[in-house]
Each structure stands twice: as C-alpha cells, then as structure tokens.
Amino acid sequence: MASVNQMTARRPSLTSLLARMRDHSSGLGASLLGGVVAAGLGLGSLAVLVLALWVSSPYPDSGPGGALHIAAALWLLAHGVELVRTDTLSGAPMPVGVTPLLLLALPVWLLYRAARDAVDASPEPDGPPPVPARTAWTGVVLGYLGVGGAAVLYCSGGELRPGPTWVATCLPLVAAGAAAAGVWSGHGCPRGPLRRALRGLPGPVRRLVAGTDAEARLAAAVRAAGAGTAVLAGGGALLAGVSLVWHGDAARTSFLQLTDGWTGRFAVLVLGVALVPNAAVWAASYALGPGFVLGAGHLVHPFASDPAPLLPPFPLLAAVPDPGPGALPNWLAGLAPLAAGVTAGWFVARAAVPGPRSGERAGARWSAGRTAGVVLLTAVAGAALLGLLAELAGGPLGVGRLARFGPVGWQTGGAAGVWTVVSAMPVALVARLWRLHARRPHPDGTPSQESEPTARTAGTKASATPTAPVGEPGSGADSVNGGAPGASSGGWKWRGAKRRKPAEEPAAGSGAGGGPAAGPRNSAGPEGGNKGGAKGTSPTRRDAAPGTAPTAGEELYDLLPADDPFASDWHDELARASRWAALREAAAAPDRPGSPDPSAAVTDAPEPPEDPTGHR
C-alpha cells in the first residue's frame, strides 16, 4: 500500500500536466506572434518607403500593386535571395543578386529582438520561468517563415521574381540564425550550446581549442576576429570615401545623369546609402590583395586595374580606380589589413596575459605556443567572417559580362587569414612578452602593476605606525620599546596590531612573577615592558629584546592618543596605596623557591604619591 501511495505521489497529476501544456502552448503562441510581427515590420518599412517614392514620382510606371511587388522583392533580396528580372529588352531573364548589406541588418535585428522577447525571462528572482529555448526558437522561425512564404507567393507574379532555390536556402538560414542568437541571449548566453558547437568543428580547428581553457581561448579568438574585421571594414569605408572624393566629378555627373526629378534622385541616394557597407567590403577586399571583379574577366586590385566594361552610371561605381598599373597611392591601401592584424594581435595578447583588473586568476597566463594557436584560430574565424561578408556583398547583375560583380568570397577570406597570421602573430607574441615584463616585480622591490591591489592592501596595514618617534622621551612610545622605567604611555591606545587572545592577557593583579601587580596599566615594569611589565615583551614581536626597533616586514602598532582610562580621583589613589602595601608585604615575606625576588620590583619602583588622607 505504501508503494502504491509513493507511485501515486511521484506521478504528475492531471492538473499539473494541463498547466504545463497551457504554459507551453502560450509560449509557442507568443513566439509565433513575435515572428509574424518581426516579418511584418520589415515588410511594412520597405512598403512605406517604396509607396512614398511611387506617390511622389511624376511618372509612375505602374500602379500601387507594382510598388508593393517591388517592396516584397526588396525584402526578399535583403535576406540574400537572388531575384530574376523578366522585363528585359532581350526578353531573357536577368538575375539580380547583389544584396544591400544595410537592408540585411533590418531583418536580422528584428528577428533577434523577437526571439529575445519571446523567451520572456523576468529579471525578478521570483518571476515566472523563461520560455524554453526550443519553444521560443520554433515559434519565431515558423511565424517569420509563414509571412516569408506569403511574400514569395505574392512576388511570383511580378517583374522581380525570387529564385526557388535561393528562397529555400537563404530565407530559412537567416531566420534560424538570427532567432538562435536572440534565444541564446535571452537565456543569459549559456555555454552548453558552445560546447556542443565545439564538438562539431573540424579536427584541426578542434585541436586548436582543446584543453581546459578551450572556451576562454575560443572567446578570445572570436573577440579578436571581430575587432580585426571591424577595423578592416572601417579601413575599407575610409578607402572608398577617399576614392569617391578623388573622383568627385565623375560621381556627381553619374548622379545627375540617372534621373532629373528630385524624387528619383532621392531614390538613388537611398540606394547608394544602402550599398555603403557593400562598398566598404569591396574596398577591404581591394586592400587585402584579391580585389573585386567588375564583370567576367575584369579584375581590380592594388597592382593593376583592368579596363571595366560599359557600366551603368552609378555614383559608387565612379570610385573604382582608374585602369592601369597600380602606383604608390594604390599600395598604401595595404595599411588597412595591417592595422586590422595589429588590432587582432593586441586582443590576443590581452587575453594571454590578463591585467590586474580583468578578474582572471594568476594561473590563466598562456604560453607562447598557446598564444600562437589562438592567433591561428583568430585567423580562421576572421577568414570565415570576411568571406561570408564578401559573398553577400557581391553577386550577378545580369548574364555574360555582368554575371559577377564584387569580391570572391573564398579569395577574400583566404587573404584575410594570411594577413592576420603574418601581422597578428608577431604583435601577439611581442605584446605578450611586454605584458609579462610589465607585471614582473622589479629588482629594487617596487611592486609591479599586477601587484598594485596587494601592495595597496599591505600599505593599509603598514600605515599603522606610531605618530611619535619611537623611544623619544615624552612621546609615550618609550614604554613600548623598552623606555625608562616608570615612564607612562601617556594615554596611547593600541590599534592595528594582532591582539592577544583573552586567555593570554596577564591578570589584573599579577606582576612579573605572577604576584601582585607592580604598577598601573601601561606603566613600565622592572624590565621596561608594556602593560605592567608582563614578561618584558615588545608589542611588535614577542621574542624580541626590549628596546629593539621593529624590523622590515613586521607589523607595527598604531598609537593614537586617547583618554586616560584611570582618572586620578581619590578612589584610584586609595587603590594604588593598597597595592603598594601588598607589595611591601610580599617583599617582607620569606622567599619562596623558584619565585623571583620581589624586592627588585619594590626597589626599582618609584615612590607612591602622597595620599590626600595623609597615609602613604
């Protein structure tokens, strides 16, 4: 019967199962709604922009249906989907595959925010639990792909039609990747998925991150690769801007030739702004060496630039270098990948030798071989990231000579990896040695940068020094270091020292030999010690001789003035007189074996003051 009751207690009740199903269904429904809203916001933004341009255009080619078809096609193009033009002069379909990277940032950000909000993690400790990761991810992806499928069906009858292969590949990849990042961030960035991702890496790459600190090295490589890619993209944008200013006349002429009305020029300006990240990636590939292609067989790189075919008049294309061999200004573009490699190497060196304020433990320093391995891993990560950006930034604009525009992904990624190894490896190793030397203690005893917190803490303890010179008459410190007998401490209190335990304190009425006390508190006894001459020990070191100064490294006392706890009223005078009487009796008593001669204490002790009643 007891076993049946235990099984019944362990079995979940129907109410709890229904509550779990309700919570699961509510989380999935909210995630679906979040995906639908994210896709609707992206489509709606582009639709509003295209409709505004269509309304303000003086010569619209089609009705509002055509404008909405173009908006849906641009939304799909922002996901990397290649479109096909059907309204060509020759009648043959022409592919359009150059993805504006600025438009790609819009759906990625919307998906990320929708997935993070779908987790619904409460910051309060007693709040509701977050939605499971699989539930939130599944709902956001399914809701987003549902709207995407409707947009694909709507565009299939327009002039710009999406390719079915690209739709089945690019749209799910973008939705799944951005939603996974949002769910992972919403759950607090757990490390479990990273560990599972490490198992799926190729063998050579997995060996680079093998060991106990594999996650730390992988994180350092990702940060260094991100920083290097950001510097390289910034350098590419700078190169594109300088070249555009250099060819300013050609850019202005092409901008004016495209259209006459202000509405058309505004549309060209918006398209140019959306393609600015593409131009930065093109220029970065140009600085790396492989360059980019302007049609089949026309390569542009720092050492030479082939004559380009007949290109449409577009302002960004006017920044292409002039045909002919490269000169010194073209070769100076190599400073951009060099700066990116130096930045990546510095990030690796910082992770190899963490600073005193980085929170890393002292044993987290990497060897030279491990640092070199992280540089190689950084090169692999940077090559993969830049190769992906290069593939997205280019694509076809037609057939024949216009079949390829922009950089080639594998060439750009490979060149980025080589530049990272060549420039980041020496920087990482030299910076590691420099940081190790900077954190090593100096021969003269000066604390290093890493030991600043320790030195600062030790300085707090060592600052507890006497405020008056040790042994100076009248300073009150002579009773501590073996001053003259009978010199009082002058009302100084002890602070900052390792106090004795209560069991180790001498008795209030005991003297040097266990008998009656030889004087008031903090007065020097027969041997010049502190606290009634208890064994004549020094407060700095108990085994030190009286009168010796504290050595280096010993903890000092902090003597601060305080009120005298024994006020000189008539009650204390009577108690003092009674103590002196006890001392006289002890001196007159016969000597006990093994006990010290108490006469020395009486002889060396000063005369008691006069009592107000006339008794001594």
Side-chain angles (χ1 to χ4, degrees), residues 18-51 68-83 99-123 127-158 160-190 193 392:
L18 291 177
R20 291 180 183 178
M21 292 178 61
R22 182 173 62 253
D23 295 340
H24 184 81
S25 61
S26 61
L28 182 61
S31 304
L32 282 169
L33 181 60
V36 171
V37 170
L41 287 175
L43 267 173
S45 302
L46 292 178
V48 168
L49 179 61
V50 173
L51 285 175
L68 291 177
H69 277 90
I70 293 176
L74 287 177
W75 183 77
L76 293 174
L77 182 64
H79 294 78
V81 177
E82 188 174 295
L83 304 177
T99 302
L101 294 182
L102 194 61
L103 292 184
L104 175 61
L106 178 63
V108 168
W109 183 77
L110 289 174
L111 276 165
Y112 173 82
R113 292 297 304 176
R116 187 172 181 177
D117 295 340
V119 173
D120 195 17
S122 176
V131 178
R134 292 185 180 180
T135 303
W137 180 82
T138 303
V140 171
V141 171
L142 289 180
Y144 197 87
L145 292 181
V147 178
V152 169
L153 293 177
Y154 183 74
C155 287
S156 59
L160 289 174
R161 302 176 182 179
T165 305
W166 293 94
V167 168
T169 305
C170 296
L171 193 61
L173 282 179
V174 172
V183 170
W184 182 66
S185 177
H187 276 275
C189 302
L392 291 174

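The figures that follow rest on heavy atoms only: side chains count, while hydrogens, waters and symmetry mates do not.
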Margin query: A side-chain contact here means heavy atoms from C-beta on lying under 4.5 Å apart; do Leu46 and Leu103 qualify?
Written below: yes
Notebook entry, point to check: Roughly how far, to the nearest 0.5 Å, is CG of Leu160 from CG of Leu77?
Noted result: 8.5 Å
Notebook entry, point to check: Which distance, rounded to the nearest 0.5 Å, do you find between the CD1 of Ile70 and the CG of Leu83?
Noted result: 11.0 Å
Notebook entry, point to check: Taking all non-hydrogen atoms of both residues, which atom of His79 and which atom of Val174 are closest, and how far apart?
Noted result: O-CG2, 3.6 Å
Check: Can you tell me how far CG of Leu106 sits from OG of Ser45, rounded to the nearest 0.5 angstrom?
Finding: 5.5 Å
Notebook entry, point to check: Which heavy atom in Ala114 sits nearest to a heavy atom in Val140, and how many Å separate them?
Noted result: O-CG2, 4.0 Å
Note to self: Using only atom types and a distance under 3.5 Å, with no angle test, would you say the side chain of Thr135 pairs donor to acceptor with the backbone of Val131?
What the structure shows: no
Checklist line | Nearest atoms (heavy-atom pairs only) where Ala115 meets Ala179 | finding: CB-O, 3.3 Å
Notebook entry, point to check: Does the side chain of Cys155 reach to within under 4.5 Å of the side chain of Leu76, using non-hydrogen atoms?
Noted result: yes
Next item on the list: Can you see which heavy atom on Leu43 is nearest to which on Ala151, and at what distance?
Entry: CD1-CB, 4.3 Å
Notebook entry, point to check: Looking at Trp75 versus Tyr144, is the centre-to-centre ring distance below 6.0 Å?
Noted result: yes
Check: Below 4.5 Å, heavy atoms only, C-beta onward: do Leu104 and Leu101 meet side chain to side chain?
Finding: yes
Notebook entry, point to check: Would you call the rings of His69 and Tyr154 parallel, tilted or perpendicular, where under 30° means parallel and over 60° means perpendicular?
Noted result: parallel
Checklist line | Atom pair CZ/OG of Arg116 and Ser185 - distance to nearest 0.5 Å | finding: 3.5 Å
Margin query: Let me confirm one number: the CH2-OG1 distance from Trp166 to Thr99, rounded to the nearest 0.5 Å.
Written below: 8.0 Å
Margin query: Could you go through Val37 and Leu33, starting from their C-alpha distance and side-chain angles, then the distance that decides it, and tell me whether this counts as side chain to side chain contact (heavy atoms under 4.5 Å, CB included)?
Written below: CA-CA 6 Å; Val37 170; Leu33 181 60; 4.2 Å; yes
Check: Closest heavy-atom contact between Val183 and Ala136?
Finding: CG2-CB, 4.1 Å
Item checked: Ala71 versus Ala47, closest heavy-atom pair with distance -> CB-CA, 3.6 Å
